[in-house]
Amino acid sequence: MTQAFRPMPVALLSGDLLTDRIAIVTGAGRGIGEGIARKLAEEGATVVCADVNVNDATSVASSLGHGAIGARLDVSNSSECDALVSDVHERFGRLDILVNNAGINRDAMLHKMTDEQWQQVIAVDLSGVFFMTRAASRIMRAAGQGRIVNISSASWMGNIGQANYAAAKAGVVGLSRTAAKELARSQVTVNAICPGFIDTQMTRGIPDAIREQQVAKIPLGRMGQPADVAAVVAFLASDEAGYVTGEVINVGGGYVL
Ligand code: NAP
């Protein structure tokens, strides 16, 4: 006998998962960060789009509605991170969601990697997540609630030409799991998402032949889109995910299977 089709829970489809929430998304000026900002706003959140490129951040924010604003932020600068989080808290009186998405890559084989390439990636992709998580955790602990979602990468498990990036993204996994343990008593959840191969400016520079090789390794047969990552972020940021913390979730079409 065929099973009756079971619809998804209403809240997941409703478009108001995040009504009245205040969210910061870093690196929201384009790519995955823009996709995340768009999805959180569609679900009713007021989004602070923070990016080192303030023009992009402001232009994304102006298209979102729900009181979204753009802000200039270099996540590798500790005092800028403290200042942004405290400005948002002062302006809105709360901070419910932090998405640490900003990231860069500076790929090179290990034996050719410069100190600068190493340090730049660690500064943005790892220290940036620490600075923002530390600042937000102070507010979320006091409030007794909050959601932190960190964008790591499938590369955290090791990838040729990405010693700096893999080390930073593995660091994000360790940081997320530790923060999850420390903040659980304050009902703050912390999870990491590991996108696979997503169609953004970061991957558009890759030569066609290599892109095709990568896509051939994806069981679902296509590159991901920012919206594929954003859907999982929205869930983790919602009340529906209140019992999920310390998880490391692949969003890669089966890339790492
Ligand atoms: P992207 O298209 O290059 O966008 C990154 C955004 O972050 C840009 O707007 C960039 O600004 C901004 N940014 C760079 N440095 C910053 C800083 N110091 N402070 C604040 N903002 C900064 O990259 P993406 O593909 O969307 O990647 C987003 C995240 O997903 C990154 O953490 C990346 O590592 C991760 N990820 C991506 C993939 C993928 O396949 N695309 C896979 C796994 C993980 P500018 O415009 O000024 O550069």
Side-chain angles (χ1 to χ4, degrees), residues 24-39 48-61 70-85 98-107 117 119-133 135 149-159 161-162 164-173 175-176 192-206 210-211 213-215 217-218 220 222-230 232-233 248-253 255-256:
I24 297 176
V25 180
T26 69
R30 66 163 194 247
I32 295 172
E34 176 182 355
I36 293 168
R38 216 162 274 297
K39 176 68 176 167
V48 177
C49 300
D51 200 291
V52 74
N53 184 330
V54 71
N55 292 334
D56 285 357
T58 306
S59 140
V60 169
R72 195 209 169 266
L73 172 71
D74 176 355
V75 295
S76 68
N77 183 315
S78 167
S79 16
E80 282 188 31
C81 292
D82 285 344
L84 179 84
V85 169
L98 168 66
V99 184
N100 285 307
N101 163 81
I104 59 170
N105 56 359
R106 298 286 182 270
D107 296 355
Q117 286 171 322
Q119 275 150 6
Q120 281 178 343
V121 171
I122 297 296
V124 176
D125 295 20
L126 180 55
S127 300
V129 179
F130 165 64
F131 296 144
M132 287 300 289
T133 301
V149 182
N150 294 329
I151 305 300
S152 176
S153 165
S155 295
W156 80 272
M157 289 186 283
N159 200 21
Q162 292 197 311
N164 49 1
Y165 187 76
K169 294 298 189 179
V172 168
V173 169
L175 169 57
S176 303
I193 293 179
C194 299
F197 196 44
I198 312 294
D199 186 18
T200 68
Q201 200 156 311
M202 188 178 267
T203 47
R204 275 178 211 141
I206 296 173
I210 297 180
R211 277 166 74 95
Q213 273 174 21
Q214 292 301 317
V215 172
K217 291 184 198 158
I218 302 172
L220 286 179
R222 64 169 176 89
M223 283 186 89
Q225 294 299 320
D228 293 315
V229 179
V232 183
V233 175
V248 180
I249 300 173
N250 288 306
V251 181
Y255 189 72
V256 295

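Counting starts at 1 for both ligands and their atoms, in listed order. As the structure is a prediction and not an experimental result, all values here were calculated from the model.
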(message) Taking the side chain as everything from C-beta on, heavy atoms only, tell me whether Met223 gets closer than 4.5 Å to Gln214.
(response) no
Do Pro226 and Thr200 have side-chain heavy atoms sitting under 4.5 Å apart?
yes
In short, Ala71 meets Leu84 closest at the heavy-atom pair CB-CD1, 3.6 Å
Between the side chain of Lys217 and the main-chain N/O of Val256, is any donor-acceptor distance below 3.5 Å? no
Sorted by chain and residue number, the residues having a heavy atom closer than 4.0 Å to an atom of ligand 1 are Gly27, Arg30, Gly31, Ile32, Asp51, Val52, Asn53, Leu73, Asp74, Val75, Asn101, Ala102, Gly103, Ile104, Val124, Ile151, Ser152, Ser153, Tyr165, Lys169, Pro195, Gly196, Phe197, Ile198, Thr200, Gln201, Met202, Thr203
Residue set satisfying salt bridge (Lys or Arg N to Asp or Glu O under 4.0 Å) with Arg38, at least two apart, ordered chain then number -> Glu34
(Q) Please check this pair: side chain of Thr26 against backbone of Asn101, looking for a donor-acceptor N/O pair closer than 3.5 Å. (A) yes
